[in-house]
Undergrad: 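Have a look at this one.
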Amino acid sequence: IKSIRPKLPVYVEDLGKGLSPEFKEGMDKVFTAYLQTREKIKEELASGYPEPQITCAQARRMAGKLRVSWFLLGNVCDECGYSITNCGLGCF
């Protein structure tokens, strides 16, 4: 894509062009907090669930405890190789 459409503004080197320093700083804070939240989820998974499997009810409780969305929790579970089982709603 980069060779076909080099002006497409989705590449890191083009990301900050035209943004104010205050906006960049704010976005850095938001992204840092997001990465820290992902790390908290990974730590919680590793400490509480040594097997790469978690039930839907456990995942929902963890999401509530950590105050994160089910979507984010499911995304981190996928990334870490965890499978979410017994989902009655089809969320995971």
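Along the sequence shown, the residues carry numbers beginning at 1.
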Undergrad: How close do Ile84 and Gly74 get, counting heavy atoms only, and between which atoms?
TA: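 Nearest pair, atom of Ile84 first, then Gly74: CD1-CA, 4.2 Å.
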
Undergrad: Show the nearest heavy-atom pair for residues Tyr49 and Tyr82, with the distance to one decimal.
TA: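 That would be O-OH, 2.6 Å.
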
Undergrad: Quick one: list whatever passes salt bridge (charged side-chain N to carboxylate O under 4.0 Å, His left out) with Lys40, sequence neighbours left out.
TA: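 Partners of Lys40 under the salt bridge (charged side-chain N to carboxylate O under 4.0 Å, His left out) test: none.
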
Undergrad: Roughly how far apart are Ser83 OG and Glu51 CD, rounded to 0.5 Å?
TA: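 The OG atom of Ser83 sits 10.0 Å away from the CD atom of Glu51.
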
Undergrad: Nearest 0.5 angstrom please: Glu44 CD to Gln58 CD, how far?
TA: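 The CD atom of Glu44 sits 11.0 Å away from the CD atom of Gln58.
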
Undergrad: When rounded to the nearest 0.5 angstrom, what distance separates OG1 in Thr55 from CZ in Arg60?
TA: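 Between Thr55 OG1 and Arg60 CZ, I get 8.0 Å after rounding to 0.5 Å.
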
Undergrad: Are Leu72 and Val30 co-members of a hydrophobic cluster defined by side-chain heavy atoms under 4.5 Å apart?
TA: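 Hydrophobic grouping puts Val30 apart from Leu72.
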
Undergrad: Evaluate the criterion side-chain contact (heavy atoms from CB on, under 4.5 Å) for residue pair Leu73 and Ile41; output intermediate values, then yes/no.
TA: CA-CA 7 Å; Leu73 187 89; Ile41 294 169; 3.6 Å; yes

